**Student:** 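This is the structure I want to talk about, given as structure tokens.
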Amino acid sequence: MEVHIPDLFDLKKIADSGQCFRAVSRPDGTYRFITGDQVLYIQKAPDGCYRVSCSQEVWDRVWRPYFDLERNYREISAAIPEKDAFLRRAAQAGAGIRILRQDPWETLVTFIISQRKSIPAIRSVVEMLSERYGTAVHVSGETLHTFPTAAQMRDVGEEDYIACKAGYRAPYLCDAVEQVLSGRLDLEKISALPDDQLIAALEGVRGVGVKVANCVALFAYGRAACAPVDTWIRKIIQQEYRGRNPFDRYGAAAGIMQQYFFYYAQSHKAETA
DNA sequence: TATCAGGGCCTAG
DNA sequence: CTAGGCCCTGAT
């Protein structure tokens, strides 16, 4: 099937954006995304069209929200003040990135893993967890594994996580599983909370600090006002904004601006180092 | 082969 | 509030 996407949309930038850790590309330009038990193959076609492997119904129900297609990024970018030259440059470079709306459980777990790890290292842990504890699905001639649910991780022990290279984060993962299964943390229910309370609730999990909590709020709950500050963003604040955090000024779109910064830093590593 | 930092967080002082 | 420590990987 084919879909038309009029807004800024760039598969490579999305896959490399560091929000999701399971997206892969093929030599022919096809990208594969996985969320929940859904798998999507998507390839660019002329005139803002894309060939997708799913039905219209699944596209509308699953992937449109996943790619945040209801939001107009062209408008948001155009609204960046001329004065903020660095952000304009970053937004230009990152044009086509979307804030993905991912599954809260998967996002929570993957960002607990992410701390003090490089993106390739995160990918390999996430992939190993999926292979061992997720559900096998057969699509398009390949066997994939969904990301394991909390229930599927019920009996996984610290040693098992360590075997998956989670390192010192192993007890954090056990705590996350325990809290979700016991209902002490209800990932569905907290979606109704305002940003600050949502973040506070997430911080109740061991190994979840302000940075990881903000990532989950932004990349799973669509809280675009939340802007996670990591080492890269910190560098930018130091070098480009004289140590003054600019995100307060960006208001409801702060998280999107953060993504532009992050992408810019990632793709200009040599210069910013 | 050795070294270093990587999308931080916890604990102690 | 600030400093170490942490478990392991990928990059040089």
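Order of the sequence lines fixes the chain letters, A, B, ..., with proteins taken first and strands second; residue numbering starts at 1 for each chain. Note that this is a predicted model, so its numbers are computed, not measured.
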**Student:** Is a salt bridge present between Arg22(A) and Glu106(A), judged by a nitrogen-to-oxygen distance below 4.0 Å?
**Tutor:**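 Salt bridge: no.
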**Student:** At a cut-off of 3.5 Å, list every protein nitrogen or oxygen paired with a nitrogen or oxygen from nucleotides 9-12 of chain C, distance to 0.1 Å.
**Tutor:**
from, atom 1, to, atom 2, distance (Å)
dT9(C), OP1, Lys165(A), NZ, 3.0

**Student:** Hey, can you pull the residues of residues 213-223 of chain A with a non-hydrogen atom under 4.0 angstrom from DNA chain B?
**Tutor:**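 Under 4.0 Å from DNA chain B: Cys215(A), Phe219(A).
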**Student:** If pairs are Watson-Crick or G-U with both distances under 3.5 Å, what is the dot-bracket string of DNA chain B, marking crossing pairs with [ ] and pairs to another strand with |?
**Tutor:** .|||||.||||||
**Student:** Separation of Leu173(A) atom CG from dC8(C) atom P, in whole Å?
**Tutor:**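 In whole Å, dC8(C) P and Leu173(A) CG are 14 Å from each other.
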**Student:** By the 4.0 Å heavy-atom rule, please label Val125(A) as base, sugar-phosphate, or nothing.
**Tutor:**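 Since no nucleic acid heavy atom lies under 4.0 Å of Val125(A), the category is nothing.
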**Student:** Could Glu178(A) and Arg154(A) be called an ion pair, given the rule that one side-chain N must be under 4.0 Å from one carboxylate O?
**Tutor:**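 Arg154(A) and Glu178(A): not salt-bridged.
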**Student:** Calculate the interatomic distance between Glu159(A) atom CD and dC7(C) atom P; express it in whole Å.
**Tutor:**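 Computing the Glu159(A):CD to dC7(C):P distance gives 15 Å.
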**Student:** With Asp16(A), which of Lys13(A), Lys12(A), Gln19(A) fulfils side chain to side chain donor-acceptor pair (under 3.5 Å)?
**Tutor:**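 Going through Lys13(A), Lys12(A), Gln19(A) one by one, the side chain to side chain donor-acceptor pair (under 3.5 Å) with Asp16(A) is satisfied by Lys12(A) alone.
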**Student:** Arg116(A) CZ to dA3(C) P: how many Å, rounded?
**Tutor:**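 For the pair Arg116(A) CZ and dA3(C) P, the rounded distance is 15 Å.
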**Student:** Can you label the angle between the Trp59(A) ring and the Phe67(A) ring as parallel, tilted or perpendicular, going by 30° and 60°?
**Tutor:**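 The rings of Trp59(A) and Phe67(A) sit tilted, inter-plane angle from 30° to 60°.
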**Student:** Does either side chain, that of Thr135(A) or that of Gln152(A), offer a donor lying less than 3.5 Å from an acceptor on the other one?
**Tutor:**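 Note: Thr135(A) and Gln152(A) side chains meet the donor-acceptor criterion.
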**Student:** Take the protein atom CD1 of Ile122(A) and the nucleotide atom P of dC8(C), then report the distance between them rounded to whole Å.
**Tutor:**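 From Ile122(A) CD1 to dC8(C) P: 16 Å.
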**Student:** Quick one: which protein N/O atoms are closer than 3.5 Å to N/O atoms of nucleotides 10-13 of chain B? Pair and distance per line, please.
**Tutor:**
from, atom 1, to, atom 2, distance (Å)
dC10(B), OP1, Gly207(A), N, 3.0
dT11(B), OP1, Arg206(A), NH1, 3.2

**Student:** In whole angstrom, what separates Ile113(A)'s CD1 from dC6(C)'s C1'?
**Tutor:**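 After rounding, the gap between these two atoms is 16 Å.
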**Student:** Nearest heavy-atom pair of Ala224(A) and Leu218(A): which atoms, and what distance?
**Tutor:**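 So the two residues come closest at CA-CD1, 3.7 Å.
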**Student:** dC10(B) and dT9(C): how far apart are their P atoms, nearest whole angstrom?
**Tutor:**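 Nearest-Å result for dC10(B) against dT9(C) at atom P: 23 Å.
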**Student:** Restricting to nitrogen or oxygen on both sides, can you table the protein-nucleotides 1-4 of chain B pairs closer than 3.5 Å?
**Tutor:**
none

**Student:** Arg169(A) side chain to Ile113(A) main-chain N or O, any donor-acceptor pair under 3.5 Å?
**Tutor:**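 Yes, the answer is positive, given that a donor and an acceptor are paired below the 3.5 Å cut-off.
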**Student:** Could you tell me the separation between the CD1 atom of Ile162(A) and the C1' atom of dC6(C), rounded to a whole number of Å?
**Tutor:**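 In whole Å, dC6(C) C1' lies 12 Å from Ile162(A) CD1.
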**Student:** Over how many whole Å does the gap from Asp230(A) atom CG to dG6(B) atom C1' extend?
**Tutor:**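 Taking atom C1' of dG6(B) as the reference, CG of Asp230(A) is at 11 Å.
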**Student:** In chain order, what residues pass the ring pair (Phe, Tyr, Trp, His ring centres under 6.0 Å) check against Tyr73(A), with sequence neighbours excluded?
**Tutor:**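 Tyr73(A) satisfies ring pair (Phe, Tyr, Trp, His ring centres under 6.0 Å) with no residue once adjacent residues are dropped.
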**Student:** How many whole angstroms separate atom CD1 of Ile112(A) from atom C1' of dC8(C)?
**Tutor:**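 Rounding to the nearest Å, CD1 of Ile112(A) and C1' of dC8(C) are 17 Å apart.
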